[in-house]
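All residue numbers refer to positions in the sequence shown, counting from 1.
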Amino acid sequence: MLLRIRSRDGLERVQVGGPHVSISQLKALIESQLQIPIHNQTLSTDRNLLLAKTPADLLRFTDMSDPSRPLSSLNLSHGSVVFLYYQGERTVRGGAPVCPAGSFGRKMTMDDLIAKQTRITRQESPHCDSVSFDRDSANAFQRYVNETLAFAVKRGGFMYGTVSEEGRVEVDFIYEPPQQGMEDDLILLRDPEEEKLVDAIAAGLGRKRVGFIFTQTIMQDKKDYNFSNKEVLQAAELHAESGLKEWVTVVVKLEANEDGDADVHFEAFQMSDMCVKLFKEGWFVTEFGEDDDPKLSKMKKEVVVGGKDVKEVDNDFFLVVVKIIDHQGPLSSTFLIENRNNLATMRTLKNHLDRTKSLPFVKRIADFHLLLFLAMSHGLGSDVPALAECVSTETAVPEGYQLLIESMANTS
């Protein structure tokens, strides 16, 4: 049986006969294998032992003070960690003396200890079963980035929809905030007032923010990664901000098919729990240099990947694949979409209402982008959530609202 011994010198290993071994026998093995005298050893399963500063502090750690106590009574088994405090100087077999810095030895901070124990592994299963896109909404987004932007600059948006009890995320519309897209970067120009309106409309529609969607440029297609380090950082930030465990991040890219033609691909991921945790705790390096490899995320402290202490982590370790399906939702996506090159006007509203005049009025306004336009026009913001509820419940729009919207359109 192998025990891992964590001391101020790092992590070492001691071979023991089995869980029946007593604490006194373990100390003898530590003395013979690690060259630390028995009388100088204090052992505990509590990692706070390594933060002890005085002999009096050591008296608080009594779980391994009984020399006759077997390891099994402490639930120690193969691979378990035991914390070791010792004073003075030691010579590691085959190496130079290890000298302490201070009267009771060099102390590792809690951050040092956590860093040494932070292991990055792949998360096998996402928290959401799948993500389903409203076909019209997804097509409106990909058509713009493909035909208008030609995948030359990046574009992003927030996905709104529902989350089922089974964990399936259904996306019914995409809100595209003001933004600045470049070849390898995407800056969202967050407008709190606009986003407040968006969330209010979504709530009226019975929807909420469930994920983030962005594009990669054709220049990025030549790079060997799913997400770049900048994209990992942005996705982790938005995932952490959401507080939603089912939050999904979707990337849209242009890829060559077998015939040499280009196809638009949607790929969905969740950022791993470890990725979100590390972001919240400030582990990621957030400044990027020209020589940095985009497929690697740089960390401020060493983490353990594949048994090695590293400060650069392959971005794929942070991604959990999510299955994509589609559906036909209740909303349309034919009204001019916000924050693009062409701005919606009252003429846009009139044209939309004219095209849909054969439908009941509630169906004519059943478009998130139209509702957002109304919310931002002529002080209608506080009234639009009520209109959204009419759309959600498919109930008749009050006549006063209908007359007001039609009169607005006729002023074009």
Original post:
Listed by chain and number, what are the salt bridge (Lys or Arg N to Asp or Glu O under 4.0 Å) partners of Asp172, not counting sequence neighbours?
Top reply: Arg207
Assess the pair [X] and [Y]: is the distance between their ring centroids shorter than 6.0 Å?
X: Phe214; Y: Phe227; result: yes
X: Phe61; Y: Tyr85; result: no
X: Phe284; Y: Phe318; result: yes

Sub-3.5 Å donor-acceptor pair from the side chain of [X] to the main-chain atoms of [Y], do we have one?
X: Thr217; Y: Phe151; value: no
X: Ser73; Y: Arg69; value: no
X: Gln270; Y: Lys245; value: yes
X: Asp292; Y: Pro294; value: no
X: Glu255; Y: His265; value: no
X: Arg4; Y: Gly79; value: yes
X: Thr148; Y: Val145; value: no
X: Glu237; Y: Ala235; value: no
X: Ser392; Y: Ala388; value: no
X: Ser272; Y: Cys275; value: yes

Just by distance, with hydrogens left out, do [X] and [Y] show a side-chain donor and acceptor under 3.5 Å apart?
X: Tyr160; Y: Asp199; value: yes
X: Asn229; Y: Ser297; value: no
X: Glu338; Y: His369; value: yes
X: Glu231; Y: Gln216; value: yes
X: Asp367; Y: Ser332; value: yes
X: Glu195; Y: Tyr175; value: no

Taking the side chain as every heavy atom from C-beta outward, state whether [X] and [Y] have any pair of such atoms under 4.5 Å apart.
X: Ile201; Y: Leu205; result: yes
X: Val82; Y: Leu74; result: no
X: Leu188; Y: Phe212; result: yes
X: Ile120; Y: Met274; result: yes
X: Asp134; Y: Val171; result: no
X: Leu49; Y: Leu58; result: yes
X: Tyr401; Y: Glu399; result: no
X: Leu371; Y: Leu387; result: yes

Spacing of [atom1] belonging to [X] relative to [atom2] belonging to [Y], to within rounding of 0.5 Å:
X: Ile324; Y: Ser132; atom1: CD1; atom2: OG; answer: 10.0 Å
X: Cys390; Y: Ile365; atom1: SG; atom2: CD1; answer: 7.0 Å
X: Leu254; Y: Asn146; atom1: CG; atom2: CG; answer: 5.5 Å
X: Glu170; Y: Ser130; atom1: CD; atom2: OG; answer: 8.0 Å
X: Leu349; Y: Ser377; atom1: CG; atom2: OG; answer: 8.0 Å
X: Ile23; Y: Met64; atom1: CD1; atom2: CE; answer: 4.5 Å

Tell me the closest heavy-atom pair linking [X] and [Y], and the distance in Å.
X: Ala268; Y: Val250; result: CB-CG2, 4.0 Å
X: Val131; Y: Val322; result: N-CG1, 3.8 Å
X: Asp354; Y: Arg364; result: N-NH2, 4.4 Å
X: Leu3; Y: Ser77; result: CD2-O, 3.5 Å
X: Met1; Y: Gly18; result: SD-C, 3.8 Å
X: Gln402; Y: Val397; result: N-CG1, 4.1 Å

May I ask you to decide whether [X] forms a salt bridge with [Y], counting only side-chain N to carboxylate O separations under 4.0 Å?
X: Glu194; Y: Lys196; value: no
X: Glu241; Y: Arg190; value: yes
X: Glu31; Y: Lys27; value: no
X: Lys154; Y: Asp185; value: no
X: Lys350; Y: Glu406; value: no

**OP:** Compute both the distance and the angle, then confirm whether Arg122 meets the cation-pi test with Phe317: under 6.0 Å from the six-membered ring centre, within 45 degrees of the axis.
**Re:** yes
Subject >> Cation-pi, Tyr144 ring and Arg340 (6.0 angstrom, 45 degrees) >> reply: yes
**OP:** Evaluate the criterion salt bridge (Lys or Arg N to Asp or Glu O under 4.0 Å) for residue pair Asp326 and Arg135; output intermediate values, then yes/no.
**Re:** CA-CA 6 Å; Asp326 65 0; Arg135 299 184 193 98; 3.2 Å; yes
**OP:** Kindly write out the residues that satisfy ring pair (Phe, Tyr, Trp, His ring centres under 6.0 Å) with Phe288, not counting sequence neighbours, or none if the list is empty.
**Re:** none
Original post:
Do Leu374 and Asp383 pass the side-chain contact (heavy atoms from CB on, under 4.5 Å) test, and can you show the C-alpha distance, the side-chain angles, and the key distance before you say yes or no?
Top reply: CA-CA 9 Å; Leu374 292 176; Asp383 297 303; over 6 Å; no
**OP:** Assess whether salt bridge (Lys or Arg N to Asp or Glu O under 4.0 Å) is satisfied between Asp314 and Lys295, documenting all intermediate values.
**Re:** CA-CA 6 Å; Asp314 189 313; Lys295 69 183 178 188; over 6 Å; no
Original post:
Relative to each other, are the rings of Trp247 and His239 parallel, tilted or perpendicular (30° and 60° limits)?
Top reply: tilted
Original post:
Is it the case that more than 12 heavy atoms not belonging to Asn342 sit under 6.0 Å from its CG atom?
Top reply: no
